[in-house]
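In what follows, chains carry the letters A, B, and so on, assigned in the order in which the sequence lines appear, proteins first and then strands, with residues in each chain numbered from 1.
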There are 2 protein chains.
Amino acid sequence: MTSADLPSLLLVEDDAVLGPLIAELLDPDYRVQLVTNGRDGLHQGLTGSWDVMVVDRGLPAMDGIALITALRSKGIATPILILTALGDADEKVRGLDAGANDYVTKPFDAGELAARLRALTRTFTPPAPAPVAIGDWELDPTQRSVRSVYGQTVSLTAKEGQLLAALAAEPDRVFTRDELLAACFHASEQPGVIDTYVHHLRRKISKAVIRTVHGLGYQIGEAHE
Amino acid sequence: MTSADLPSLLLVEDDAVLGPLIAELLDPDYRVQLVTNGRDGLHQGLTGSWDVMVVDRGLPAMDGIALITALRSKGIATPILILTALGDADEKVRGLDAGANDYVTKPFDAGELAARLRALTRTFTPPAPAPVAIGDWELDPTQRSVRSVYGQTVSLTAKEGQLLAALAAEPDRVFTRDELLAACFHASEQPGVIDTYVHHLRRKISKAVIRTVHGLGYQIGEAHE
DNA sequence: CCAGCCCGTTAAGAAACGCTTAAGAAAGTG
DNA sequence: CACTTTCTTAAGCGTTTCTTAACGGGCTGG
């Protein structure tokens, strides 16, 4: 989920009637983008940032299975639900093994589809999330404050907390500004925002926590050398 | 996956005939543990470490929905598939919203069940760029750092990384300066740049890594003959 | 062994990049 | 509605990285 608003959903459906219908059906709960062929689906899937995708099986320009295979091979891990008229068990096996996470056959029940999509997008948060350790600091799960190992507590703003949480999620990994932008902001801001917030964090916490990797981005953890 | 061998599967099914049958069906692909009531399912689910669970809907001692709700509230995030005779859309919605990840109705197709379980246990790992081995060193796929076999890590600049990657791509091959220029730079620079960067690399890493072939260029690896 | 080319090393200017600051816009609050 | 806090942009300045060039030592072939 890129922000506090609705999750984004990419719908790939060539049927001129069914496509808009499904889009309308999902509209209250998702920001739906409808594309009507596999090639557009691939392009959107690769370039956009989606919380979940619904793809038809038979598509012009690029088959649904081929689309999913292509996306997965490019490292796209977004949950994908296949929605199609082809209901043979063999077809289901093929679709799921290609990398889909769920398979629903037409005609489908609207409530069931919605529930399956909820199941796919559900981000499971354990009831008592352990505070995230960042060097000598501890990020509170509410993402609004950090405590040093020696009692001192610093409160963060929402963006500061999100940025720090994103970096802390994968220590040692280097995040580009664009990645961080997609994770914490609406992706419409200037990449320079990140610099500003990194500066804020470094001033509030110790300078050493967030490392700069020149030309790439930022990183938490392992100082190289 | 808890170990290198088969994934573990907890099957909660009270039917004395169907339970062992399903267990046998899944046996080739999973380490299956069968329990026949909800209370045992809860206990196993909480204490054991499972890669996936298959639970029946109607269970003695504790309903399947209640079981899932209880597990989720305790922070158990294991993928759960409901396998049941109750096939109403409403039932499916209830089961999925309780925290199940998939819902299959009896009678079920063995191949489909297996595929859906594969989809649930599939751990999607984005194509992990394998580190490139260079003598006693390992080039990080981000191409921005190298680690020696004994822990020491050295960070590289962008050009240093590109140059090292180009040389390491074909060990033992001798690259001319022009080839390296075309591979790492805009081909508009002086060939002498290469010398400078080779020097930087030799200073950061050990001198022996990059060999000079007089009159030709540079090389990683063994000398010819 | 020597002349001549090739390579290693260093330094310094140029360019790209990141840090810091400030100020206006937007959002939240009483 | 006024006030405060937070968000976002932009610009100046310092740092890192890139590229060139020059000098001195080393390699090769006759």
Trainee: C/dT20, OP1 or OP2 - any side-chain N/O from A/H199 closer than 4.0 Å?
Mentor: yes
Trainee: Thinking salt bridges, do A/R57 and A/E13 make one under a 4.0 Å N-O criterion?
Mentor: no
Trainee: Describe, as an angle rounded to 10 degrees, how the axis at the first end of the helix from C/dC1-D/dG30 to C/dG30-D/dC1 is tilted relative to the axis at the last end, five pairs per end.
Mentor: 40°
Trainee: Answer yes or no: is there an ion pair linking A/K106 with A/D56, defined by an N-O contact shorter than 4.0 Å?
Mentor: yes
Trainee: Between A/R203 and A/E160, does at least one N-O distance fall below 4.0 Å, as a salt bridge requires?
Mentor: no
Trainee: Does a side-chain N-to-carboxylate-O contact under 4.0 Å join B/D102 and A/R116?
Mentor: yes
Trainee: So if I apply the side chain to side chain contact (heavy atoms under 4.5 Å, CB included) rule between A/R177 and each of A/L216, A/V193, A/D195, which one comes out positive?
Mentor: A/D195
Trainee: Measure the distance from CG on A/D195 to C1' on C/dT21 and round it to the nearest whole Å.
Mentor: 13 Å
Trainee: Under 4.0 Å between a side-chain nitrogen and a carboxylate oxygen: does that hold for A/D29 and A/R118?
Mentor: no
Trainee: At a cut-off of 3.5 Å, list every protein nitrogen or oxygen paired with a nitrogen or oxygen from nucleotides 4-9 of chain D, distance to 0.1 Å.
Mentor:
| unit_1 | atom_1 | unit_2 | atom_2 | d |
| --- | --- | --- | --- | --- |
| D/dC7 | OP1 | A/K159 | N | 3.2 |
| D/dC7 | OP2 | A/T157 | OG1 | 2.6 |
| D/dC7 | OP2 | A/Y197 | OH | 3.4 |
| D/dC7 | O5' | A/Y197 | OH | 3.3 |
| D/dT8 | OP1 | A/E189 | OE2 | 3.0 |
| D/dT9 | OP2 | A/Q190 | N | 2.8 |
| D/dT9 | O4 | A/T196 | OG1 | 3.4 |

Trainee: Can you tell me which residue among A/I134, A/L164, A/L139 is in a side chain to side chain contact (heavy atoms under 4.5 Å, CB included) with A/I205?
Mentor: A/L164
Trainee: Does a side-chain N or O of A/R177 approach OP1 or OP2 of C/dC17 to a distance below 4.0 Å, or not?
Mentor: no
Trainee: Report yes or no: do A/R211 and B/S155 form a side-chain donor-acceptor pair below 3.5 Å?
Mentor: no
